[in-house]
Amino acid sequence: MIKGEYPITGLGVVSAAGADLASSLKSMSAGERNHSSLTLFSSTLSYPVFECRSELSRESRTVALLLSAVHQAMNDAALSSFDGLRVGVCIGTTVACQLNDLDFYRSYRETGAPPLEPVDSFLAGNPAEYLSRKYNLKGPVLSVVNACSSGTDAIGIALSWLKADLCDLVIAGGADELSLIPYSGFSSLGILNPDLCSPFDRDRKGLNLGEGAGVMIVEKRQSALQRSLTPSLFLAGYGLFADAYHLTAPDPDGASLEKAVRVALQEGGVGPEDIAFVNAHGTGTHDNDLVEGNTLARIFGADLKVLSTKGYTGHTLGAAGGLEAVFAAAALKEGWLPASAGFSIQDEAIAVTPLMERTSITGTYALSTSLAFGGNNAAVLIGVEGR
């Protein structure tokens, strides 16, 4: 694959960090953490969350978040329509697959004969299929439900579709809303932080949940050139390995994460020395950060520039990989990284040290990594031209 064969022409994000990419980068540069108390639904729990404050109009919150990010990405890619293009849609999610129809479940439990209107609404809210119908797209359509690596996997699948000539352009990323079920479920697992999360920090106590969407438009170079674009970013590689170690815990040796990273590097034709930084999964939980940090150090060395943007967005589940890949791409293009929010005290058991201040970067490539329940490990490799 020649450099830049699959350019990233559009980026779009919405999360607690900001309603769009520009506002997100501004708040992250300033170290702002836009957390709040829970307002979207009722719960006896009181953990802090990262809710989106954007105006959202649709009944399906996940779809509304996704549409916001897609509109931004389309504008960024100079796309007013998709006429004449074979367009694929690959979107990662978790909540939109089954967790956002509580009224139906309550009615079924209480009456045994719930109305079916909620089912129709649920089926109409499949995020990838919704986009394909809305824009009358002609190309493959897939919603990826692979726990917290879903957004990363969606971007990787998009690259494989382009390489297989299944489409000219792909809308790829992740979207998820805050929901009572994961909010209660993560509390039951004992991994929600009663304070703000602190990824990789010695005193980390767990994660904060968030919501949002992160989308990139990836296409063949010829497709971009036909619109007279000269994109600088490109998608270069993807790796996925599952360790099947435990339902929720990562394999302590990190071997499958290392395999996923090395496959992504190999697909992009680069080595560890070519990586400018890694936007890590970095949840703020004890096991994830220990395994991920030491695996990254084993591959890239202890001096690796690494951060977790979850300190600004919370853990957005199926959207996380999409958001974090977009932030990695934007940082690579802009030439700077924000501080890894929440990190202040080195954990001597972890061999890498996240960034503690805004940092300038050089280099051509960056990685975004994801570690998910079920032992799923994924990494996407992103490059920038001209360096």
Side-chain angles (χ1 to χ4, degrees), residues 15-17 24-25 27-37 45-50 148 186-187 189-210 248-254 257-258 261 272 275-316 320 323-324 327-328 331 336-361 366-372 377:
S15 73
S24 299
L25 295 179
S27 67
M28 293 163 72
S29 177
E32 296 174 359
R33 307 184 72 184
N34 300 323
H35 63 287
S36 65
S37 299
L45 305 174
S46 58
Y47 298 99
V49 294
F50 285 79
C148 303
F186 278 88
S187 174
L189 289 172
I191 55 175
L192 287 185
N193 194 328
D195 303 308
L196 288 185
C197 64
S198 50
F200 299 104
D201 190 86
R202 183 195 67 188
D203 298 332
R204 62 194 182 277
K205 300 174 184 176
L207 58 86
N208 305 135
L209 286 175
T248 60
D251 189 340
D253 67 10
L257 174 60
E258 181 171 356
V261 168
I275 300 303
F277 69 91
V278 174
N279 191 0
H281 192 59
T283 59
T285 58
H286 179 273
D287 290 350
N288 176 95
D289 293 4
L290 180 67
V291 172
E292 185 177 22
N294 287 330
T295 302
L296 293 176
R298 187 165 65 243
I299 301 168
F300 300 104
D303 294 332
L304 171 71
K305 289 184 175 66
V306 62
L307 76 158
S308 169
T309 51
K310 285 187 175 68
Y312 300 101
T313 66
H315 192 344
T316 58
L323 280 163
E324 290 154 21
F327 289 143
W336 63 270
L337 295 167
S340 190
F343 176 79
S344 61
I345 304 174
Q346 180 72 44
D347 185 340
E348 297 301 326
I350 299 177
V352 293
T353 304
L355 299 174
M356 297 182 67
E357 59 185 16
R358 174 174 160 149
T359 302
S360 297
I361 55 168
L367 271 173
S368 181
T369 54
S370 294
L371 287 76
N377 302 274

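What you see is a predicted model, and the numbers here were worked out from it, not measured in a lab.
- Here Glu258 contributes atom CD and Asp253 contributes atom CG; the two are 9.0 Å apart, rounded to the nearest 0.5 Å.
- Summarising the geometry of Ala331 relative to Phe277, their closest heavy-atom pair is CB-CZ, 3.9 Å, with the distance given to 0.1 Å.
- Shown here for Asp287 and Ala249, the closest heavy-atom pair between the two residues is OD2-CB, 4.4 Å.
- To the nearest 0.5 angstrom, Thr313 atom OG1 is 10.5 Å from Leu209 atom CG.
- When all heavy atoms are compared, the tightest approach of Tyr312 to Ala341 is CZ-CB, 3.6 Å.
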Step by step, would you call Trp336 with Leu25 a side chain to side chain contact (heavy atoms under 4.5 Å, CB included)? CA-CA 10 Å; Trp336 63 270; Leu25 295 179; 4.1 Å; yes
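- Closest non-hydrogen pair, Asp195 versus Pro48, comes out as O-CG, 3.5 Å.
- Partners of Pro199 by side-chain contact (heavy atoms from CB on, under 4.5 Å), not counting sequence neighbours, listed by chain and number: Cys197, Asp289, Ser308.
- Using a 4.5 Å cut-off on side-chain heavy atoms (C-beta onward), Phe300 and Leu367 make contact.
- By the ring-ring contact (aromatic ring centres under 6.0 Å, His included) test, Phe186 is found to be paired with Phe373, residues two or more places apart in sequence or in another chain being considered.
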Walk me through whether Leu355 and Val306 qualify under side chain to side chain contact (heavy atoms under 4.5 Å, CB included). CA-CA 6 Å; Leu355 299 174; Val306 62; over 6 Å; no
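- By the 4.5 Å heavy-atom criterion applied to side chains, Ser15 and Phe50 are not counted as neighbours.
- Judged as a side-chain contact (heavy atoms from CB on, under 4.5 Å), and not counting sequence neighbours, Ala302 has no contacts.
- Screening Thr285, Thr295, Asn288 for a side chain to side chain contact (heavy atoms under 4.5 Å, CB included) with Leu371, the sole residue that qualifies is Asn288.
- At least one donor-acceptor pair under 3.5 Å links the side chain of Asn294 to the backbone N or O of Ala349.
- Within the 4.5 Å cutoff, no side-chain heavy atoms of Leu257 are placed close to those of Pro250.
- The list of salt bridge (charged side-chain N to carboxylate O under 4.0 Å, His left out) pairs with a residue in residues 301-316, not counting sequence neighbours, reads Lys310-Glu324.
- Not one N or O on the side chain of Asn208 forms a donor-acceptor pair closer than 3.5 Å with the backbone of Leu196.
- Scored by the side chain to side chain donor-acceptor pair (under 3.5 Å) test, Thr309 finds Asn279 as partners (sequence neighbours excluded).
- Contact detail for Phe200 and Phe343: the closest heavy-atom pair is O-CE1, 3.6 Å.
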Stepwise side chain to side chain contact (heavy atoms under 4.5 Å, CB included) test for Val291 and Asp251: CA-CA 8 Å; Val291 172; Asp251 189 340; over 6 Å; no
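- Sorted by first then second residue, the side-chain hydrogen bond (donor to acceptor under 3.5 Å, both in side chains) pairs that include residues 342-359, not counting sequence neighbours, are Ser29-Arg358, Asp201-Ser344, Arg204-Asp347, Gln346-Thr353.
- Listed here is the closest heavy atom pair of Gly342 and Ser198: O-CB, 3.1 Å.
- The CG atom of Leu323 lies 11.0 Å from the NE2 atom of His315; values are rounded to the nearest 0.5 Å.
- Interatomic distance, OG1 of Thr369 versus CG of Leu296, reported as 5.5 Å (0.5 Å rounding).
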